[in-house]
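Take a look at the structure below.
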Amino acid sequence: MNKKLHFFQSIHFKIALVFALLLLITFQIVGAYFVQQLKKDNVKTFKQQVELSSYIDNSLIDNLARSNTKKANSNIRDILEDIDSSNVTEVQVVDTKGTIRGDSDVNNQGIVGQKTTNSDIKQVLYNERSYAKSTYDRSDNKPYYVSITPLFSASGNTNTLVGAVYLRASLESVYDSIHKVTVIFVTAALIATVFGLMLAILISRAITRPIDDMKKQTSRIAQGDYSGQVKVYGTDELGQLAQAVNNLSVRVEEAQESSEAEQRRLDSVLSHMSDGVIATDRRGNVIIMNETASEDLNIDPDVADGQSVLDILNIRGRYTLRDLLENQDEIVIDLSDDEHEQILNAYFSLIQRESGFISGLVCVLHDVTEQQRIDRERREFVSNVSHELRTPLTSMRSYIEALSDGAWKDAKVAPHFIKVTQDETERMIRMINDLLSLSRMDSGTSKLELELVNLNELYNYILDRFDMMLKTDDDDARNAKHYTIKRDFTRRELWVEIDTDKFMQVVDNIMNNAIKYSPDGGVITCRLLETHNHVILSISDQGLGIPKKDVAHIFDRFFRVDKARSRAQGGTGLGLAISKEVIEMHGGKIWVDSVEGKGSTFYISLPYEEYEGDLWDEN
Ligand code: ADP
C-alpha cells in the first residue's frame, strides 16, 4: 500500500494512453479509407479527363482506314497536335500491323512509320481489348497513366480493328493533390491527437486526483490519523465515494476512540486493582497482566507476554491447562523463599463467548501472605499468652502447695515463698495490663492525648527520676545496679506534640532495659538532637547487645533474647512491642543498633516542625 505507484502503472497514464491510442487508431482507419477513396475518385476523374473524345477517335479511325498513308499520317499528326490536355504527355497511334502512324511528341516524329516495340500495344492489337495501367517511370521518377484503346471501324454490323491509340498521361498532379490532402489530414490528426491527449490528461487528472486524495486519506486512517478530509469535487460517483471515505474516517475514529476509551477504562481498572489479574488466550499464554500481578510474581509484564500461565505461576507439573479449564478451583501458590514469605491464592475463570467457545482464562491472584501471617501470629499469640501465664501459675501452685503442706509454719522459708507468689502475681498483672493496652492500641480504642511539650525538659525530667532511683537504691538495696547517665542534648528547645504519659512509658521501658541488660557500673548515654524535620532521641548502653539474628524481632510481642533471664528480671517481653505501637501512633519510628557484647543503642525519631519565630517568647 505504501509502495510508490509507478507512473506507467497509474490510471492517469492508462487513461491518457487509451485516449491517445483510440484517437490514433480512429484517424488511421478514417484516414486510410478517406485517402483511398480520394485517390480512387481523383484517378477516375483524371482518366475521364485524359481519355480522348469519341470525335477524335472517329477521326483517327477514318484516317487509319484510308489507303493514302501519307495523307492519313499527316491528318493524324494534325489531330494529335490539336489534343489539348496538359496532363497528356504522349499520344501514339498504331495501325493493326503495329506500325506507328502518329505521335503527339513533336521531337519524336522519327518513330512514325516504325513498328512499335511496345508489347502492351501488341497485346491490345492482338486481343482487341483495351488496356490501362498506372506505372512509375524510373527514368524521371514520376507516376504515369498509360491507356491503350483499340480502334474499330464500324461497317454494317461488324466492327473491324483498324489500330490502337496509346495514351500516356502524367499522374503527378493527381498524386500531388492526394499527397497534399494526406499531409493536411495527418497534420490535423496529429494536432487532434495532441489536443485529445491533453484533454485525456485533464480528464484523467480529474478522475485520478480524487482517487489519489482518497488513497492518501485511507493510508492516513490506517496509520491512525483521522484529522484529514477528502475534498469532495462533485456529486458524481467519485464525489459520493469521497463522501463515503470521509464518513468512514469519522466512524473509524469514533470506533477507535471508543475502543481506546474502553481499553483505558480496562487498564485503569486493572492497574488500580489490589489483586493481580492475568488473562490468557485459549492456549493459556499470557496476553494481559496487571501491575499487581507483575509485582506479586516479580516478573516484567513484557517478559511474561506470550508465556504459558503454568510457567508464570510455576505450577507446571502440579496442574495442566486442562485442569485449569475444567476445574476452576482456588489454587494456593507458595512463592516464599528464605528471605521473604509470599503466598497467593489463584482463582481461575473462563473467558467464554456466547457460543460457548472458550477464548481464554482469567486468573485473579490474591495475596494472602498478610492474612496468613496474621492468622499465624494470632495462633502464636494465644499460645504465647497461655504459655506466659502457665509458667508463673505453675510455679505459684507449687509454692502454695508447699505452703499448704506445712511450709507456712517454717518461719525461714514461708516469707520467701510468699514473696515469690506475690512477685509472680504482680508480673502477671503487669503482663495482663500490657496485653490490655496493646489490645486497645490494636483495636484503635486507645487515643493519644496530645500536648505541646518541650522535649528537652521532659527527657531531663525522666532521666532525673532514674538518677534519683540510683540514689535511693544506693541507700536501701544492696544488690541494685550502679550506672551513670550521660546526657548529650541539643541546646535548642524542641517542642513536639506528644502524649506525655505514653511517651514517658516508652522512655522508661528503654531506660529500664538499658539498666537491666547492662553489667554493673555501665554508662548510659542519652542523646537528643534534631534534623530538618525530625527529633531523634537515643539511649545507648554498654550491655549485652542483641544477636544480629534477633535484631529484627526485638519489637515483636513476647520476644526475648533470653527468656529465662528476662523472666527472672520480671520482664514480660511486651515492653518494646508497646513502645513501638506508641511511637508509631505518634507518627514516629523506633529502631535499634546493636553489637553483641558491646551494647545497644535504641533510637526514637518523631516528626518535628520548627515553629516560626519563638512562639513563647512573644507572650
Ligand atoms: P522484657 O520485658 O523482656 O524486657 P522488652 O520488650 O522490653 O521485654 O524487651 C524484649 C527483649 O529485648 C528483652 O527480653 C531483651 O532480650 C532484649 N533487649 C531489650 N533491650 C535490650 C538492651 N538494652 N540490651 C540487650 N537486650 C535488650
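Whatever order the structure lists them in is the order used to number ligands and atoms, beginning at 1.
Closer than 4.0 angstrom to ligand 1 sit non-hydrogen atoms from N509, N513, A514, K516, Y517, D541, G545, I546, I554, F559, R560, V561, S566, G571, T572, G573, L574, G575, L576, S600, F602.
No salt bridge links E596 with K548; every basic N to acidic carboxylate O contact stays at or beyond 4.0 Å.
Partners of D375 according to the salt bridge (Lys or Arg N to Asp or Glu O under 4.0 Å) rule, which considers only residues two or more places apart in sequence or in another chain, do not exist here. Listed by chain and number, the residues in a salt bridge (Lys or Arg N to Asp or Glu O under 4.0 Å) with E584 are K580 (sequence neighbours excluded).
A distance of 6.0 Å or more separates the ring centres of Y483 and F466.
Taking the six-membered ring where the residue is Trp, F558 and F381 present tilted rings, their angle falling between 30° and 60°.
The list of side chain to side chain donor-acceptor pair (under 3.5 Å) pairs with a residue in residues 262-276, not counting sequence neighbours, reads E262-R265, Q263-D267, D275-H366.
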